[in-house]
Amino acid sequence: MEIPEKFATLGLTYDDVLLLPGYSDLAPTDIDTTSRLTRELSLKTPLISAAMDTVTEARMAIAMARQGGIGVLHRNLSIGDQAYQVDLVKRTQTGIISNPVTIGPDATLEQLDRLAGEYRISGFPVVDLDNRLIGMITNRDLRFTPVAEWATTKVDEVMTPMPLITGPSDISREDATSLLRRHKRERLPLVDADGRLTGLITVKDFVKGEQFPDASYDAQGRLLVGAAIGYFGDAWERATTLIDAGVDVLVADTAHGNVRMLIDMVKRLKTDPATRHVQVIGGNVATRDGAQSFVDAGADAVKVGVGPGSICTTRVVTGVGVPQVSAVYEASLACKPAGVPVIADGGLRYSGEIGKAIVAGADTVMLGSMLAGTEETPGDLILLNGKQYKAYRGMGSMGAMSSRGKKSYSKDRYFQAEVTSDDMIVPEGIEGQVPYKGSLATVAHQLVGGLHQTMFYVGARTIPELQEKGRFMRITSASLKESHPHDVQMTAEAPNYRS
Ligand code: XMP
């Protein structure tokens, strides 16, 4: 019997496919997991933490950026609170202090000591009235002057005067690091061609840079951060307030993105002179047409996933969705020719699925449940039968959409912004808990480690090579059973495998 066209498409997801091993002459150090997040931003680790209120607030966003990924701050909070979260991330690791606290040469050491206490800093560039750098003074310089003389001793009597080791205003992170190292300095003042002070780099940043070599930075050396927005009510005000707070990426975030109001929002953000410099991600879609709508609207990346998430009930409540590997592939058909990166959002349970998502056409993956339960997620530990857990819930769950607990700001993600009574809400997600997993760094290590191994097995040195070389084999449920541990009772849990 011929299958009617209406039923002809077969949808595949992660468990339906395996990647074929390929010839590999790679050393582990050859492998580079850098990938494009948006048209203009890249990440050394292609991981994004989900915009969910049990996953990403400032602490998670900081941890993700330090690991080379990025966090998207959820939007189930007031505009002011979300902007404050952006600010917390942007202040965490100030690469270049663009407006350092300075002191004049005629100030007394007593004044200097007061200033140091006020700002909790131990060294100052000394500048003249034209902001020209004339020296540096630090706590160390004070040590050689008795405290009794501080009221009468001036800064220029004890400072280290020019010539000093300085850098140009547009110095790269690498050059600054090597200058600090070579001259064993704790601070590097930056000056323009006329010798005017334009910034300061401290060795503290250098140390942090060593600790987090893959961290995701903006052009000023601050950690990258994303934030979710909607399309309804005060959404425009939310977007512009987040931009003022320094957000790098806005994520137009709904369960069904192929909707005129959201597409118009993306279009407006990418054309308005006040907002178009910020990267905008559109989502979620699960078809080629849906992705095309965002490409045409000027989106800088497209996020894919309708119903694959661990806490999602969209597919059972509405009967709508596309198995995730097929959805990512379909969306990539619209995005790749336009050079727009694809994000595979939701449904990942094991590190091996990151590589599968990438071969299907994704550039990065967004994770909820895999990161839920880590130390850096919002919420307290729950103790149950001697085991530790943390809460994890869908943004379309009753808990996230109802007024139970506190005001819900994100009902428009499920197109229910105007539903005022909790009884009338139609949830599309559930509330649950996941085992406590320790620090994000350990989880991220296993995820990136797994991706490295995928690339080695496939024989791909880079993410674009993995996309190009990777080939799937469709498998049966018997093969899936064979893939997992079988016929053995597990006696110890592996850090990257839970049964
Ligand atoms: P995972 O599988 O990583 O999925 O836990 C996270 C993604 O799921 C989406 N999400 C939802 N989808 N109902 C849904 O249908 C929900 O309540 C819900 N909450 C989150 C979202 O895309 C997230 O990144």
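Counting convention: from 1, in listed order, for ligands and their atoms alike.
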Open item on the list: Counting only heavy atoms not in Met473 (residues, nucleotides, ligands), do more than 12 fall under 6.0 Å from its CE?
Closed with: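 No, because the 6.0 Å sphere around CE of Met473 holds 12 heavy atoms or fewer from other groups.
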Tabulate distances under 3.5 Å between N/O atoms of ligand 1 and N/O atoms of the protein, writing both atom names on each line.
{"unit_1": "ligand 1", "atom_1": "2 (O)", "unit_2": "Ser310", "atom_2": "N", "d": "2.8"}
{"unit_1": "ligand 1", "atom_1": "2 (O)", "unit_2": "Gly347", "atom_2": "N", "d": "2.8"}
{"unit_1": "ligand 1", "atom_1": "3 (O)", "unit_2": "Gly368", "atom_2": "N", "d": "2.8"}
{"unit_1": "ligand 1", "atom_1": "3 (O)", "unit_2": "Ser369", "atom_2": "N", "d": "3.3"}
{"unit_1": "ligand 1", "atom_1": "5 (O)", "unit_2": "Ser310", "atom_2": "OG", "d": "2.7"}
{"unit_1": "ligand 1", "atom_1": "5 (O)", "unit_2": "Ser369", "atom_2": "N", "d": "2.9"}
{"unit_1": "ligand 1", "atom_1": "5 (O)", "unit_2": "Tyr392", "atom_2": "OH", "d": "2.5"}
{"unit_1": "ligand 1", "atom_1": "13 (N)", "unit_2": "Tyr414", "atom_2": "OH", "d": "3.2"}
{"unit_1": "ligand 1", "atom_1": "13 (N)", "unit_2": "Glu428", "atom_2": "O", "d": "2.6"}
{"unit_1": "ligand 1", "atom_1": "15 (O)", "unit_2": "Thr314", "atom_2": "OG1", "d": "2.5"}
{"unit_1": "ligand 1", "atom_1": "15 (O)", "unit_2": "Glu428", "atom_2": "O", "d": "3.4"}
{"unit_1": "ligand 1", "atom_1": "17 (O)", "unit_2": "Met395", "atom_2": "N", "d": "3.2"}
{"unit_1": "ligand 1", "atom_1": "17 (O)", "unit_2": "Gly396", "atom_2": "N", "d": "2.6"}
{"unit_1": "ligand 1", "atom_1": "17 (O)", "unit_2": "Tyr414", "atom_2": "OH", "d": "3.4"}
{"unit_1": "ligand 1", "atom_1": "19 (N)", "unit_2": "Met395", "atom_2": "N", "d": "2.8"}
{"unit_1": "ligand 1", "atom_1": "22 (O)", "unit_2": "Asp345", "atom_2": "OD1", "d": "3.3"}
{"unit_1": "ligand 1", "atom_1": "22 (O)", "unit_2": "Asp345", "atom_2": "OD2", "d": "2.5"}
{"unit_1": "ligand 1", "atom_1": "22 (O)", "unit_2": "Arg413", "atom_2": "NH2", "d": "3.3"}
{"unit_1": "ligand 1", "atom_1": "24 (O)", "unit_2": "Asp345", "atom_2": "OD1", "d": "2.6"}
{"unit_1": "ligand 1", "atom_1": "24 (O)", "unit_2": "Asp345", "atom_2": "OD2", "d": "3.3"}

Open item on the list: If we check side-chain hydrogen bond (donor to acceptor under 3.5 Å, both in side chains) with Gln82, which of these qualifies: His74, Glu57, Arg238?
Closed with: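 With Gln82 as partner, side-chain hydrogen bond (donor to acceptor under 3.5 Å, both in side chains) holds for just one option, Arg238.
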Tell me which donor-acceptor pairs under 3.5 Å the side chains of residues 333-340 have, and how far apart each pair is, sequence neighbours excluded?
{"unit_1": "Lys336", "atom_1": "NZ", "unit_2": "Gly361", "atom_2": "O", "d": "3.0"}
{"unit_1": "Lys336", "atom_1": "NZ", "unit_2": "Asp363", "atom_2": "OD2", "d": "2.9"}

TODO: Can you sort out the partners of Tyr497 under ring pair (Phe, Tyr, Trp, His ring centres under 6.0 Å), two or more places apart, ordered by chain and number?
DONE: Tyr350, His484
TODO: Could you list the residues that satisfy ring pair (Phe, Tyr, Trp, His ring centres under 6.0 Å) with Tyr231, not counting sequence neighbours?
DONE: Phe415
- [ ] Could you tell me which non-hydrogen atom of Gln67 sits nearest to which non-hydrogen atom of Leu440, and how far apart they are?
- [x]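 Minimum heavy-atom contact is CG-CD2, 4.1 Å.
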